[in-house]
Amino acid sequence: MTSSVEHDRAVAAITEQLAEIEQRLIPTGLHVFGRAAELKEKADLLQMVGSFDRPEHDARALPKLVANALGLDSEVLNESPTNETKELIDRIVAESIAQFCEKGADEAVAYLRDSASVRPEDTSPTFALLEEISQQLDSNHEIDSLMRALRGEYIEPGPGADIVQNPFVLPTGRNTHAINPYSVPSRAAFERAKHTADALLRRYFDEHGRYPRALALVLWGLDNIKTQGEGVAQALWLLGVRPLRDALNRATEVEVIPLDELNRPRVDVVMTVSGIFRDLFAPTMALLDKAVRAVAALDEPLEMNYVRRNVSQSVDGETSGFDDAVTRVFSNAPGNYGTNVNFMVMQSAWENEGSLGDLFVTRKCFAYTRDSKGRTVEGREAPELMDAALSRVEATYQNIDSFEVGITDVDHYFEYLGGISQAVETRSQSRPAIYLSDSLSPQTKIRSLEETVRLETRTKTLNPKWYEGMLKHGFRGVAEIENHVANTFGWSATADAVDPWIYTEITNTFLLDDEMLNRLSELNQYSVQSLAKRLLEAHERGYWNPNEEVLEKLREIVAALDVKVNRATV
């Protein structure tokens, strides 16, 4: 029998999840080339932009300003979304943004002054920034830029990111420029990374009672361009080192952080980098390799230096053995890209989950390092070294840095994080803890993969606001819904991280509702057929076990659409 305390705790947890879902920023349709943002979408976006400090604009986060004006510590913003005080602050900020969109910056400043006693001189810089962003959102130069490109004219470059992370991406219609690899990670990225990596370690410690002795980290090129190397900085902080900069501000060496300052063990980090990262960040890969070697060579207790402990268990004291045992940076062979795990899953061309992990290692087992004499090793095929490194991994991790693209939007997330997690499970004979960090709000959150899949399913795939926004785009919108379901299935294939109820609710929402089924079929019968087949595959592979009546209905849908598709192609 459930106690009243347990009941209250369960109700509070559900309420918090509902609040989190409600507050989640999601795209409500596909981007239409050359079209500016709609008003409601713009208001949500501006509220999120205004929730971050922007020191480069002398603009402070609106929630912090409201909290301080009410005589509250800013720590209240880290409380549960259901905390009454935090709810009050969120309502005040939301109303100020509504006033801004309808009446302008002066009215928004006055509203915060009257409702929360926030000084106008504190809020004016923030609303000035939001006014500039709003004007840029109202205009769109994409078609003009396309025409200039077709004429062979110059197109101004700009940074690549989403607007929340970096408002300087506006205006749209520019080329994305890269960054100087020697500047990675930036000082700001390293400071942000410390908080994120510490939160990751706290989450693991709370669940396991100790720190992970080895962690596998996925690093992508464009993500590190957008964040100025935040993923790289996370790897360095986990190892317990910081970048050293020369007179030209180049980060080419590392400085070891003393254990008494670090206040925790040094975590062994296995880094799998994308082909784009390999091409763009050769100096950064060398920096990461230097960091691992520096930590492995420290004279520290093995229980406080997991890199040294793992390396010492793998070598017999010979230099060549050390060079192999300390290898931690892996990517594709030179000139190759991707893991192909996504293609194998999407084409249903795999017999068991272990084969997906094996494919990941086959594609990503090329070592990028230096030997003890300083000679560069670029792309040496070393599956045995990657197998050995992964066999000790206890957690896998990747950062999400954009509200626009989540783990069910594209197949690259499951091909990388899912692929390496499956490879670890096969080699360690134990499923790793799988985490993602969500830096889409000022309070960075670490979620398990299962939690993230549930959140994305509820806020996107099963959310009428999301799928109705997609269906406005007709044929392409239905394809996007099917794409989300296929990518969700990819997390079953690589990590068995999808709750069966998710497949049940997808089936009920899109296929067992006759009105919705007819609507989808009229728009795009091909994607509807693929959707039904994917759900049947989820059952056949043991990820979902609905009753026979549901399975028979899915088979009937596939058969009926087979007839329609065949007629359409005759």
Side-chain angles (χ1 to χ4, degrees), residues 341-359 407-411 413-415 417-419 421-422 425-426 431 434 448-458 460-463 466-467 478-521 524-566:
V341 169
N342 50 338
F343 300 135
M344 185 177 277
V345 170
M346 293 303 186
Q347 295 167 11
S348 304
W350 51 286
E351 295 183 5
N352 56 68
E353 289 83 355
S355 64
L356 299 174
D358 292 341
L359 176 61
I407 66 168
T408 58
D409 287 289
V410 295
D411 56 10
Y413 279 109
F414 81 73
E415 75 156 312
L417 183 60
S421 299
Q422 184 55 238
E425 182 172 356
T426 303
R431 187 181 188 274
I434 310 173
S448 70
L449 172 58
E450 290 84 356
E451 290 168 347
T452 308
V453 171
R454 292 179 201 126
L455 182 62
E456 289 243 333
T457 300
R458 289 181 172 122
K460 291 182 180 177
T461 315
L462 297 176
N463 182 356
W466 180 84
Y467 64 69
V478 180
E480 193 65 23
I481 293 170
E482 187 274 328
N483 181 59
H484 266 253
V485 176
N487 291 330
T488 300
F489 173 80
W491 289 114
S492 285
T494 57
D496 194 17
V498 183
D499 299 325
W501 68 261
I502 290 176
Y503 293 117
T504 299
E505 291 304 315
I506 288 171
T507 304
N508 291 339
T509 301
F510 297 111
L511 300 180
L512 297 188
D513 182 316
D514 290 337
E515 182 180 347
M516 178 62 79
L517 174 61
N518 292 333
R519 185 180 171 195
L520 296 177
S521 299
N524 185 341
Q525 59 196 12
Y526 307 98
S527 290
V528 177
Q529 185 183 47
S530 295
L531 174 55
K533 287 181 176 179
R534 192 67 69 185
L535 291 167
L536 286 170
E537 184 180 2
H539 164 67
E540 292 161 1
R541 293 191 183 270
Y543 304 129
W544 176 50
N545 190 28
N547 60 49
E548 188 57 38
E549 183 180 349
V550 171
L551 293 172
E552 188 56 36
K553 176 64 174 177
L554 290 177
R555 295 185 189 108
E556 289 174 2
I557 291 171
V558 171
L561 289 172
D562 260 336
V563 174
K564 290 184 67 174
V565 169
N566 289 334

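We're numbering straight along the sequence, starting at 1.
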Checklist outcome for this item: Nearest heavy-atom contact between Val478 and Ser527 is CG1-CB, 3.9 Å

Checklist entry - With no hydrogens and no angle check, is any side-chain donor or acceptor of Arg541 less than 3.5 Å from a backbone partner on Asn352? => result no

Item to check | Lys/Arg-Asp/Glu bridge criterion (N-O < 4.0 Å) met for Lys533, Glu540 | outcome: no

Checklist entry - Can you tell if the side chain of Thr494 reaches within under 4.5 Å of the side chain of Ser421, non-hydrogen atoms only? => result no

Next on the checklist: Determine whether a donor-acceptor pair (N or O, by modelled atom type, separation under 3.5 Å) exists between the side chain of Asn483 and the backbone of Ala479.
Outcome noted: no

Checklist entry - Which heavy atom of Val558 sits nearest a heavy atom of Ala532, and at what distance? => result CG2-CB, 3.6 Å

Next on the checklist: Test of understanding: with side chain to side chain contact (heavy atoms under 4.5 Å, CB included), list the residues that count as partners of Arg519, not counting sequence neighbours.
Outcome noted: Glu468, Leu471, Met516

Checklist entry - Does any N or O in the side chain of Trp350 come within less than 3.5 Å of the main-chain N or O of Ala493, such that one atom is a donor and the other an acceptor? => result no

Next on the checklist: For Leu561, is there any backbone N or O sitting under 3.5 Å from a side-chain donor or acceptor partner on Gln525?
Outcome noted: no

Checklist outcome for this item: From the list Leu417, Leu455, Thr452, side-chain contact (heavy atoms from CB on, under 4.5 Å) partner of Ile407 resolves to Thr452

Checklist entry - Does atom CD of Glu552 have more than 12 heavy-atom neighbours, drawn from other residues, nucleotides or ligands, at distances under 6.0 Å? => result yes

Checklist entry - Between Gly354 and Thr426, which heavy-atom pair has the shortest distance, and what is it? => result CA-OG1, 3.9 Å

Checklist outcome for this item: Between the CZ atom in Arg454 and the CG atom in Leu462, the distance rounded to the nearest 0.5 Å is 13.5 Å

Next on the checklist: Quick one: does any side-chain atom of Arg431 pair with a main-chain N or O of Ala495 as donor and acceptor, under 3.5 Å?
Outcome noted: yes

Checklist entry - CD/Glu556 to CG/Leu554 distance, rounded to the nearest 0.5 angstrom? => result 9.5 Å

Checklist entry - Asn547 and Val550: which non-hydrogen atoms are nearest, and at how many Å? => result OD1-N, 2.9 Å

Next on the checklist: Quick one, Ile481 with Trp466, criterion side chain to side chain contact (heavy atoms under 4.5 Å, CB included). Give me CA distance, side-chain angles, the key distance, then yes/no.
Outcome noted: CA-CA 9 Å; Ile481 293 170; Trp466 180 84; 3.9 Å; yes

Item to check | Closest approach of Phe414 to Asn342 (non-hydrogen atoms, all atoms of both residues) | outcome: CE1-CA, 3.7 Å

Return all side-chain donor-acceptor pairs below 3.5 angstrom for residues 505-512, not counting sequence neighbours, or 'none' if the list is empty.
{"unit_1": "Thr507", "atom_1": "OG1", "unit_2": "Tyr503", "atom_2": "O", "d": "2.8"}
{"unit_1": "Asn508", "atom_1": "ND2", "unit_2": "Thr504", "atom_2": "O", "d": "3.4"}
{"unit_1": "Thr509", "atom_1": "OG1", "unit_2": "Glu505", "atom_2": "O", "d": "2.7"}

Checklist outcome for this item: Rounded to the nearest 0.5 Å, the OG atom of Ser492 sits from the CD atom of Glu353 at a distance of 9.0 Å

Item to check | Which atom of Glu482 lies closest to which atom of Ser530, heavy atoms considered | outcome: OE2-CB, 3.7 Å

Checklist entry - Taking atom CG of Asn524 and atom CD of Gln529, what is their separation to the nearest 0.5 Å? => result 10.5 Å

Checklist entry - Taking Asp499 for the side chain and Trp501 for the main chain, is one N or O donor matched with an acceptor at less than 3.5 Å? => result no

Next on the checklist: Applying side chain to side chain contact (heavy atoms under 4.5 Å, CB included) to Val345 and Phe489, what does each step give before you reach the verdict?
Outcome noted: CA-CA 9 Å; Val345 170; Phe489 173 80; 4.0 Å; yes

Checklist entry - Which value, rounded to the nearest 0.5 Å, describes the distance between Trp491 atom CH2 and Tyr413 atom OH? => result 9.0 Å

Checklist entry - Would Asn545 and His539 satisfy side chain to side chain contact (heavy atoms under 4.5 Å, CB included), going step by step from the backbone distance to the final call? => result CA-CA 6 Å; Asn545 190 28; His539 164 67; 3.6 Å; yes

Item to check | Criterion salt bridge (Lys or Arg N to Asp or Glu O under 4.0 Å) on Arg534 and Glu537, from CA distance to verdict | outcome: CA-CA 5 Å; Arg534 192 67 69 185; Glu537 184 180 2; 3.1 Å; yes

Checklist entry - Have Glu456 and Thr408 got a donor and an acceptor in their side chains that come within less than 3.5 Å? => result yes

Checklist outcome for this item: Across all chains, not counting sequence neighbours, the salt bridge (charged side-chain N to carboxylate O under 4.0 Å, His left out) partners of Glu351 are none

Checklist entry - Rounded to the nearest 0.5 Å, how far apart are NE2 of His484 and OG1 of Thr457? => result 9.5 Å

